[in-house]
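In what follows, a single structure is set out as structure tokens and then discussed.
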Amino acid sequence: MFTFRMVIVSSNNAGDSDATDGQGQGRFTKVQNFRGLGLSLVLAGLGLAGCAPCADCRVDAVLGQDRRALADPALRAAAAQFLGDAAGPGRPGDAGPGSGTSSGLPRFRIDPDVLGPDSTTPYRLARNRQIALRLGHETALGRGLALDSGIRVGLGHSVYDLPQGMGVLSDPARIGFASLSVMPEVSLVQRIPLGALEGRLRLGGGWQVARSRTTVRSALLDVRHTGTTRRGTVWLGAGLADPARGMELTGEARVNQGGSPEFGAELRLRLDR
């Protein structure tokens with residue numbers, strides 16, 4: 001019995017493509033690159049915490065979930081590349097199809113909406129995290145209202161397990177996303193005194209740009225795609241803060257450009273204290 005495995009590699013830049021030969025070395029290099037980015041992020045945070053960029057600025061470490069606003073278009077771009085751009089038109093802000101090798105058969109189609117709200121394919125979110133650094137500034141508007149503007153740089157990683165595969169591909173599959181993102185953002189914050197603590201309501205929006213690496217793996221597939229995604233997002237959040245400790249826990253409902261609503265939570269830890 002003969003077994004074959006399809007390996008598809010693509011990137012928005014030809015120089016980013018991994019060679020089919022020496023896959024282990026290529027993957028090791030990619031992992032090392034993202035680890036290097038993570039270390040750079042930590043060092044940048046320590047540097048910002050040590051020298052205030054402005055008198056009233058604050059630097060926060062932000063721990064939360066990876067953004068679906070990045071995962072959906074990244075998967076769509078990988079599916080389009082796998083089929084030689086036959087997966088249908090993209091959506092506003094989708095990552096480009098890339099310039100790497102593209103060869104696939106329709107019966108091995110990757111459904112770009114397999115993780116969407118209308119999907120009938122069972123899947124499990126095995127990993128979902130993001131760590132970011134945020135530089136922000138608040139301007140008091142009176143009566144407990146403030147304008148909070150800032151920019152965050154984050155590393156996201158999420159993994160989805162599909163125990164029943166996708167479509168005619170019944171072998172268990174795994175879809176992974178790793179991204180480096182930058183997002184300028186602005187929000188209105190209403191502060192509510194609660195003794196030593198403080199309630200905070202937020203209404204805001206931002207524009208996220210990310211370099212994402214998507215992988216789709218099963219017994220027959222090894223698809224990799226790297227591309228850039230740009231997405232707008234708005235959110236409504238409610239949180240509880242401890243000003244004395246520089247901590248804030250916030251839950252948010254987000255609506256992303258061209259996508260469905262999502263819910264998430266994040267913990268902010270002030271570093272420049």
Side-chain angles (χ1 to χ4, degrees), residues 1-11 18 20 23-24 26-27 30-31 34 64-91 93-95 97-98 100-130 155-179 210 212-227 229 231 253-256 258-265:
M1 179 179 293
F2 294 95
T3 302
F4 71 94
R5 193 178 191 193
M6 305 183 70
V7 181
I8 310 297
V9 182
S10 65
S11 169
D18 295 332
T20 302
Q23 294 174 29
R27 291 178 189 173
K30 290 292 185 180
V31 170
F34 273 103
Q65 293 90 26
D66 198 14
R67 301 295 179 97
R68 280 295 299 271
L70 302 178
D72 291 341
L75 180 59
R76 181 170 295 275
Q81 181 64 42
F82 178 66
L83 286 179
D85 299 338
R91 296 177 181 173
D94 280 2
T101 303
S102 175
S103 60
L105 299 177
R107 65 191 183 96
F108 291 128
R109 182 176 185 271
I110 298 175
D111 182 2
D113 298 313
V114 69
L115 303 179
D118 299 326
S119 174
T120 58
T121 302
Y123 66 84
R124 180 179 67 89
L125 182 57
R127 188 172 301 162
N128 184 21
R129 61 177 180 242
Q130 184 186 72
L155 288 173
H157 186 207
S158 54
V159 175
Y160 296 82
D161 286 332
L162 289 72
Q164 299 179 19
M166 298 177 288
V168 298
L169 294 174
S170 58
D171 294 313
R174 168 167 284 197
I175 301 176
F177 304 95
S179 63
S212 301
R213 173 175 164 83
T214 306
T215 58
V216 183
R217 293 193 174 99
S218 71
L220 296 176
L221 296 178
D222 188 354
V223 179
R224 285 163 281 163
H225 180 273
T226 301
T229 303
R231 278 287 167 97
R254 310 184 190 104
V255 178
N256 305 307
S260 58
E262 64 173 324
F263 301 91

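- If you take CZ on Arg67 and OG on Ser179, they are separated by 10.0 Å, rounding to the nearest 0.5 Å.
- Using a 4.5 Å heavy-atom threshold, the side chains of Val216 and Leu75 count as touching.
- Summarising the geometry of Arg254 relative to Ala265, their closest heavy-atom pair is NH2-N, 4.5 Å, with the distance given to 0.1 Å.
- Residues forming a side-chain hydrogen bond (donor to acceptor under 3.5 Å, both in side chains) with Glu262 (at least two apart in sequence, or on another chain): Asn256.
- Every residue meeting the side-chain hydrogen bond (donor to acceptor under 3.5 Å, both in side chains) condition with Ser158, not counting sequence neighbours, appears here in chain and number order: Asp66.
- For the atom pair Asn128 CG and His157 NE2, the distance stands at 10.0 Å (nearest 0.5 Å).
- In terms of heavy atoms, Pro163 sits closest to Tyr123 at CD-CA, 4.4 Å.
- A side chain to side chain contact (heavy atoms under 4.5 Å, CB included) with Val159 holds for exactly one of Arg129, Arg124, Arg127; it is Arg127.
- Leu125 CG to Gln65 CD: the interatomic distance, rounded to the nearest 0.5 Å, is 9.0 Å.
- The salt bridge (charged side-chain N to carboxylate O under 4.0 Å, His left out) search around Arg174 returns Asp161, not counting sequence neighbours.
- Closest of all the heavy-atom pairs between Met166 and Ala173 is CE-CB, 4.5 Å.
- Atom CG of Leu115 is separated from atom CD1 of Ile175 by 4.5 Å, given to the nearest 0.5 angstrom.
- The side-chain hydrogen bond (donor to acceptor under 3.5 Å, both in side chains) pairs that include a residue from residues 163-173 number zero, where partners must be two or more places apart or lie in different chains.
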